[in-house]
Asker: 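This is the structure, below, for whatever I ask next.
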Amino acid sequence: EPEVTQTPSHQVTQMGQEVILRCVPISNHLYFYWYRQILGQKVEFLVSFYNNEISEKSEIFDDQFSVERPDGSNFTLKIRSTKLEDSAMYFCASSDGRETTNEKLFFGSGTQLSVL
Amino acid sequence: GQNIDQPTEMTATEGAIVQINCTYQTSGFNGLFWYQQHAGEAPTFLSYNVLDGLEEKGRFSSFLSRSKGYSYLLLKELQMKDSASYLCAVRDYGQNFVFGPGTRLSVLP
């Protein structure tokens, strides 16, 4: 079965540093997402991306966050100046986006970000 | 606003049946999804409802009542491997999926 892949699986960084989290969504999917999950808390929506632009974003997704699809396969999340509270598991997800399917989200295995 | 409620924790015995409830109040509704998440892993899709009624898929069934803003996930013949968090998620008018806090299910021998 096709899958969403994320790299790295773990990222440790110093506060104030920039990080880039990488994702390869499922190849024929049209919608891409970033979610985060702080340990013991719920999965929180950050941003969705469609047709090479952001379609929706949450209040969490402030100016320190950005997303990019630099080529036909990769989808990245950049955090410009990391804060301690950015420590979380970051999940990339994609969905088919066509109305004929149930359009479920397929999640990657996540990147555990630790900000020290 | 968006609000999804689930019980925080549930415990059941191997072989039993358990029902996990979810209530939601969202700005739009375009489907309700249930996901399973084992500790430290990504959520994996279990079921989807967009119309009222029951959807059955092997040992798992999910029910939806749109007028009541209510869904449940029914797990039959519980196995130890079913110990996990179960996440209720609503897709709103767009393609945004809003997740509930999850219900941590412990299956005891």
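The chains referred to below are lettered A, B, ... by the order of the sequence lines, with proteins before strands, and numbering in each begins at 1.
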Asker: Please examine the side chains of A:K104 and B:F97, heavy atoms only from C-beta on, and report whether any two atoms are closer than 4.5 Å.
Answerer: no
Asker: Specify which of A:V4, A:L105, A:V47 makes the most heavy-atom pairs with chain B at under 4.5 Å.
Answerer: A:L105
Asker: By a 4.5 Å heavy-atom criterion (distance strictly below it), what part of A:S95 contacts chain B: side chain, backbone, both, or neither?
Answerer: side chain
Asker: What part of A:Q37 gets closer than 4.5 Å to chain B, counting heavy atoms only: side chain, backbone, both or neither?
Answerer: side chain
Asker: With a 4.5 Å cut-off on side-chain heavy atoms, are A:F91 and B:P43 touching?
Answerer: yes
Asker: Linking I/L/V/M/F/W/Y whenever any side-chain heavy atoms sit under 4.5 Å apart, do B:L46 and B:F33 land together?
Answerer: no
Asker: Between atom NZ of A:K42 and atom CG of B:L87, what is the distance when rounded to the nearest 0.5 Å?
Answerer: 11.0 Å
Asker: Go through the atoms of A:Y50 and report whether side chain, backbone, both or neither lie under 4.5 Å from a heavy atom of chain B.
Answerer: neither
Asker: Taking side chain as everything from C-beta outward and backbone as N, CA, C, O, which of these in B:N49 sits under 4.5 Å from a heavy atom of chain A? Side chain, backbone, both or neither.
Answerer: neither
Asker: State, yes or no, whether a side-chain contact exists between B:N96 and A:F45 at a heavy-atom distance under 4.5 Å.
Answerer: yes
Asker: Report whether B:Y86 and B:I4 are members of the same hydrophobic cluster (ILVMFWY, side-chain heavy atoms less than 4.5 Å apart, transitive linking).
Answerer: yes
Asker: Using a cut-off of 6.0 Å, state whether more than 12 heavy atoms not belonging to A:D71 lie near its atom CG.
Answerer: yes
Asker: How would you list, in number order, the residues of residues 98-109 of chain B that have a heavy atom less than 4.5 Å from chain A?
Answerer: B:F99, B:G100, B:P101
Asker: Would you say A:L39 has more than 12 foreign heavy atoms packed within less than 6.0 Å of its CG?
Answerer: no
Asker: Using the rule that two of Ile, Leu, Val, Met, Phe, Trp, Tyr join whenever any of their side-chain heavy atoms come within less than 4.5 Å, decide whether A:L77 and A:L84 are in one cluster.
Answerer: yes
Asker: So if you build clusters from Ile, Leu, Val, Met, Phe, Trp, Tyr with side-chain heavy-atom gaps below 4.5 Å, do A:Y90 and A:M15 land together?
Answerer: yes
Asker: Would the number of heavy atoms belonging to other residues, nucleotides or ligands and lying under 6.0 Å from CD of A:Q64 be above 12?
Answerer: yes
Asker: If you look at every heavy atom in B:A42 and A:S109, which pair is closest and at what distance?
Answerer: CB-CA, 4.0 Å
Asker: Does CD belonging to A:E59 count more than 12 external heavy atoms closer than 6.0 Å?
Answerer: no
Asker: When the ring centroid of A:F107 is compared with that of B:F45, is the distance short of 6.0 Å?
Answerer: no
Asker: Is there a path from A:V43 to B:Y24 through hydrophobic residues (I, L, V, M, F, W, Y) whose side chains come within less than 4.5 Å of each other?
Answerer: no
